[in-house]
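Worksheet: the structure to be examined is printed underneath.
Residue numbers count from 1 along this sequence. All values reported here derive from a predicted model rather than from experimental measurement.
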Amino acid sequence: LVALTIIAIAMAALIKASGNHTASAAYLKQKTLAHYVAMNEINKLQLNSEWPSNGTEKKSIEMAKHEWFWTREIKPVIDPFTQKESSDYKQVSFVIYLDEDRKQNMTMLVGYILRPSTSTTN
């Protein structure tokens, strides 16, 4: 009887640990995908030939069979030497959410983009 009690307690602990591991793996998968969404959006901005204007924008995108909601903020970069706004760089911040109400924040990524080159090489 004592042996059965010990086995039951051990099994309960193993089941709880297994459940925690599964929940952690699912959370990390979502967090990784959210980070990929933010990196993809920053890369799209960098590859776009149109220079984005400063400000905040809210949109959504589908990735890995899930709709991700994001908020993007574009700010000017201040040149540390001249203390003036840079015309060649902008700071881009993305916050990725699980829900449309934007309450379940999964990740935030801050990056910088460079103004597209206007010269053409043949």
Side-chain angles (χ1 to χ4, degrees):
L1 198 55
V2 173
L4 285 175
T5 304
I6 292 171
I7 290 173
I9 291 171
M11 292 298 287
L14 285 173
I15 291 170
K16 182 174 175 27
S18 176
N20 288 343
H21 174 72
T22 303
S24 293
Y27 173 75
L28 290 175
K29 178 183 176 184
Q30 287 181 322
K31 193 131 177 97
T32 300
L33 288 172
H35 192 75
Y36 288 165
V37 167
M39 289 190 308
N40 284 347
E41 293 300 317
I42 287 177
N43 284 327
K44 282 182 194 176
L45 283 173
Q46 183 63 62
L47 294 172
N48 193 352
S49 60
E50 189 176 311
W51 192 231
S53 57
N54 296 337
T56 303
E57 186 175 5
K58 295 180 179 184
K59 287 190 176 180
S60 68
I61 190 167
E62 186 173 325
M63 178 187 262
K65 299 180 183 176
H66 181 78
E67 186 173 12
W68 300 91
F69 301 90
W70 54 258
T71 301
R72 177 187 77 196
E73 183 177 10
I74 298 179
K75 295 182 193 177
V77 174
I78 305 301
D79 185 309
F81 299 109
T82 64
Q83 295 300 311
K84 293 182 181 176
E85 193 175 301
S86 172
S87 60
D88 293 326
Y89 295 95
K90 290 197 179 196
Q91 177 182 325
V92 182
S93 303
F94 273 94
V95 182
I96 311 298
Y97 301 91
L98 280 176
D99 60 327
E100 191 171 4
D101 296 334
R102 291 172 167 75
K103 292 183 180 179
Q104 293 180 313
N105 176 346
M106 286 305 294
T107 193
M108 178 181 178
L109 184 67
V110 177
Y112 296 87
I113 58 173
L114 176 65
R115 179 183 290 277
S117 174
T118 56
S119 66
T120 57
T121 307
N122 291 334

Other hydrophobic cluster members with I9, side-chain heavy atoms of Ile/Leu/Val/Met/Phe/Trp/Tyr under 4.5 Å, chained?
none
Can you give me every donor-acceptor pair (side chain of residues 80-88, partner residue at least two apart or in another chain, under 3.5 Å) with its distance?
{"from": "T82", "atom 1": "OG1", "to": "K84", "atom 2": "N", "distance (Å)": "3.3"}
{"from": "Q83", "atom 1": "NE2", "to": "P80", "atom 2": "O", "distance (Å)": "2.8"}
{"from": "S86", "atom 1": "OG", "to": "D88", "atom 2": "N", "distance (Å)": "3.1"}
{"from": "S86", "atom 1": "OG", "to": "Y89", "atom 2": "N", "distance (Å)": "3.2"}

Within the 4.5 Å heavy-atom criterion, are V92 and Q46 side-chain neighbours or not?
no
Tell me which pairs pass ring pair (Phe, Tyr, Trp, His ring centres under 6.0 Å) where either residue lies in residues 51-71, with sequence neighbours left out.
H66-W68, W70-F94
Can you give each donor-acceptor pair under 3.5 Å made by side-chain atoms of residues 29-36, sequence neighbours left out, with the distance rounded to 0.1 Å?
{"from": "K31", "atom 1": "NZ", "to": "M106", "atom 2": "O", "distance (Å)": "2.5"}
{"from": "T32", "atom 1": "OG1", "to": "L28", "atom 2": "O", "distance (Å)": "2.8"}

Which heavy atom in P116 sits nearest to a heavy atom in S49, and how many Å separate them?
CG-O, 3.7 Å
If the condition is ring-ring contact (aromatic ring centres under 6.0 Å, His included), which residues does Y97 pass it with, not counting sequence neighbours?
none
Side chain of T22, backbone of S18: donor and acceptor closer than 3.5 Å?
yes
For V2, the other hydrophobic cluster members (4.5 Å side-chain criterion, sorted by chain and number) are I6
Rounded at 0.5 Å granularity, tell me how far CG in N40 sits from CD1 in I61.
7.0 Å
Common cluster, V95/M63, ILVMFWY with side-chain heavy-atom separation under 4.5 Å:
no
Residues forming a side-chain hydrogen bond (donor to acceptor under 3.5 Å, both in side chains) with N54, sequence neighbours excluded
K90
By the rule that ILVMFWY residues connect when side-chain heavy atoms come within less than 4.5 angstrom, directly or transitively, which residues belong alongside L1?
none
Transitive ILVMFWY side-chain link L45 to V110, under 4.5 Å
no
OG/S60 to CD1/I96 distance, rounded to the nearest 0.5 angstrom?
10.5 Å
Salt bridge (Lys or Arg N to Asp or Glu O under 4.0 Å) pairs touching residues 53-68, sequence neighbours excluded, are E57-K59, E57-R72
Given 3.5 Å as the limit, does a donor-acceptor pair link the side chain of D101 with the main chain of K103, or not?
no
Taking side-chain hydrogen bond (donor to acceptor under 3.5 Å, both in side chains) as the test, write out the residues that go with E41, two or more places apart.
K44
Please give me the minimum heavy-atom distance between I74 and P52, naming the atom from each residue.
CD1-CB, 3.5 Å
Evaluate side chain to side chain contact (heavy atoms under 4.5 Å, CB included) for Q91 paired with I113, printing each intermediate quantity in order.
CA-CA 7 Å; Q91 177 182 325; I113 58 173; over 6 Å; no
Apply the test side chain to side chain contact (heavy atoms under 4.5 Å, CB included) to residues M108 and S93: give CA-CA distance (whole Å), side-chain angles for both, the deciding distance (0.1 Å), then the verdict.
CA-CA 7 Å; M108 178 181 178; S93 303; 4.2 Å; yes
For T56, which residues count as a side-chain contact (heavy atoms from CB on, under 4.5 Å) partner, sequence neighbours excluded?
T71, E73
